Amino acid sequence: QVQLVETGGGLVQAGGSLRLSCAASGSTFSMNTMGWFRQAPGKEREFVAAISWTYGNTYADSVKGRFTISRDGAENTVYLQMNSLKPEDTAVYYCAALAVGRALSTLNRSNAYDYWGQGTQVTVSS
């Protein structure tokens, strides 16, 4: 059973930075695609970024230029570097993964992913 564990959340002032990590375990093969979603109180879960061995990276418009997704294939770990944080970035951030490669245009949908982490809270104060 694949498990995803997120770390790195916390409280930061607006304009600051945080780096989230997500480690995948329990699989004998590397996850082709890993992504980040977030959910703010009272709102639906929304796509943030994804990285695919096959197709590259994709980002939500709201985080382009501020967030960077990267991965360490050897460690089956994905990172989300978040800079210039805004209060509206406050949310629980979830890591997601799937074993196969899919078109980037599909990766903004939560139902594209097979595995999910428990989430880590990010709070940006104004």
Side-chain angles (χ1 to χ4, degrees):
Q1 181 70 15
V2 174
Q3 291 186 324
L4 303 178
V5 178
E6 304 101 332
T7 56
L11 173 65
V12 65
Q13 289 189 331
S17 299
L18 280 175
R19 188 192 195 208
L20 305 182
S21 300
C22 172
S25 62
S27 173
T28 58
F29 50 86
S30 176
M31 294 290 115
N32 182 295
T33 304
M34 300 184 78
W36 290 96
F37 285 72
R38 65 187 182 186
Q39 188 166 17
K43 294 188 177 181
E44 293 186 354
R45 189 170 297 190
E46 66 174 3
F47 171 74
V48 176
I51 184 167
S52 163
W53 286 127
T54 308
Y55 298 107
N57 302 349
T58 183
Y59 295 90
D61 288 343
S62 59
V63 306
K64 279 181 183 177
R66 299 188 299 123
F67 292 10
T68 301
I69 190 169
S70 60
R71 68 186 301 172
D72 180 340
E75 297 295 328
N76 226 6
T77 300
V78 65
Y79 306 97
L80 186 68
Q81 178 66 43
M82 304 185 295
N83 299 328
S84 302
L85 282 161
K86 305 174 181 179
E88 51 263 45
D89 294 318
T90 295
V92 177
Y93 282 70
Y94 296 91
C95 177
L98 68 156
V100 300
R102 291 183 181 161
L104 291 178
S105 60
T106 68
L107 297 181
N108 61 348
R109 301 197 294 260
S110 58
N111 61 7
Y113 296 83
D114 298 322
Y115 308 104
W116 289 87
Q118 294 299 308
T120 184
Q121 177 70 45
V122 171
T123 304
V124 184
S125 63
S126 57

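From a predicted model like this one, the values you see are computed outputs, not experimental measurements.
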Which pair of non-hydrogen atoms, one from [X] and one from [Y], has the smallest distance, and what is that distance?
{"X": "S126", "Y": "A14", "answer": "CA-CB, 4.4 Å"}
{"X": "V124", "Y": "T90", "answer": "N-OG1, 2.9 Å"}
{"X": "S17", "Y": "Q81", "answer": "CB-NE2, 3.9 Å"}
{"X": "N32", "Y": "T54", "answer": "ND2-OG1, 2.9 Å"}
{"X": "R66", "Y": "S84", "answer": "NH1-O, 3.0 Å"}
{"X": "L104", "Y": "N57", "answer": "CD1-O, 3.7 Å"}

Task: Selection residues 100-116 - residue pairs positive for side chain to side chain donor-acceptor pair (under 3.5 Å), sequence neighbours left out - done: none
Task: With K64 via salt bridge (Lys or Arg N to Asp or Glu O under 4.0 Å) - residues at least two apart - done: D61
Open item on the list: Using the side-chain contact (heavy atoms from CB on, under 4.5 Å) definition, which of the options L107, L98, V78, I69 pairs with M34?
Closed with: V78
List the atom pairs, with distances to 0.1 Å, where a side-chain N or O of residues 1-13 and a protein N or O form a donor-acceptor pair under 3.5 Å, not counting sequence neighbours.
| unit_1 | atom_1 | unit_2 | atom_2 | d |
| --- | --- | --- | --- | --- |
| E6 | OE1 | Q118 | N | 3.2 |
| E6 | OE1 | G119 | N | 2.9 |
| E6 | OE2 | C95 | N | 2.8 |
| E6 | OE2 | G119 | N | 3.1 |

Open item on the list: I'd like to check the side-chain contact (heavy atoms from CB on, under 4.5 Å) partners of V92; sequence neighbours left out, ordered by chain and number.
Closed with: Y94, Q121
Task: OG1-CD1 distance between T58 and I51, expressed to the nearest 0.5 angstrom - done: 11.0 Å
Open item on the list: Just verifying a value: how many Å separate T68 OG1 and L80 CG, rounded to the nearest 0.5 Å?
Closed with: 8.0 Å
TODO: Would you mind listing every ring-ring contact (aromatic ring centres under 6.0 Å, His included) that reaches into residues 43-64, with sequence neighbours excluded?
DONE: F37-F47
Task: Contact list for residues 38-51, test salt bridge (charged side-chain N to carboxylate O under 4.0 Å, His left out), sequence neighbours left out - done: R38-E46, R38-D89
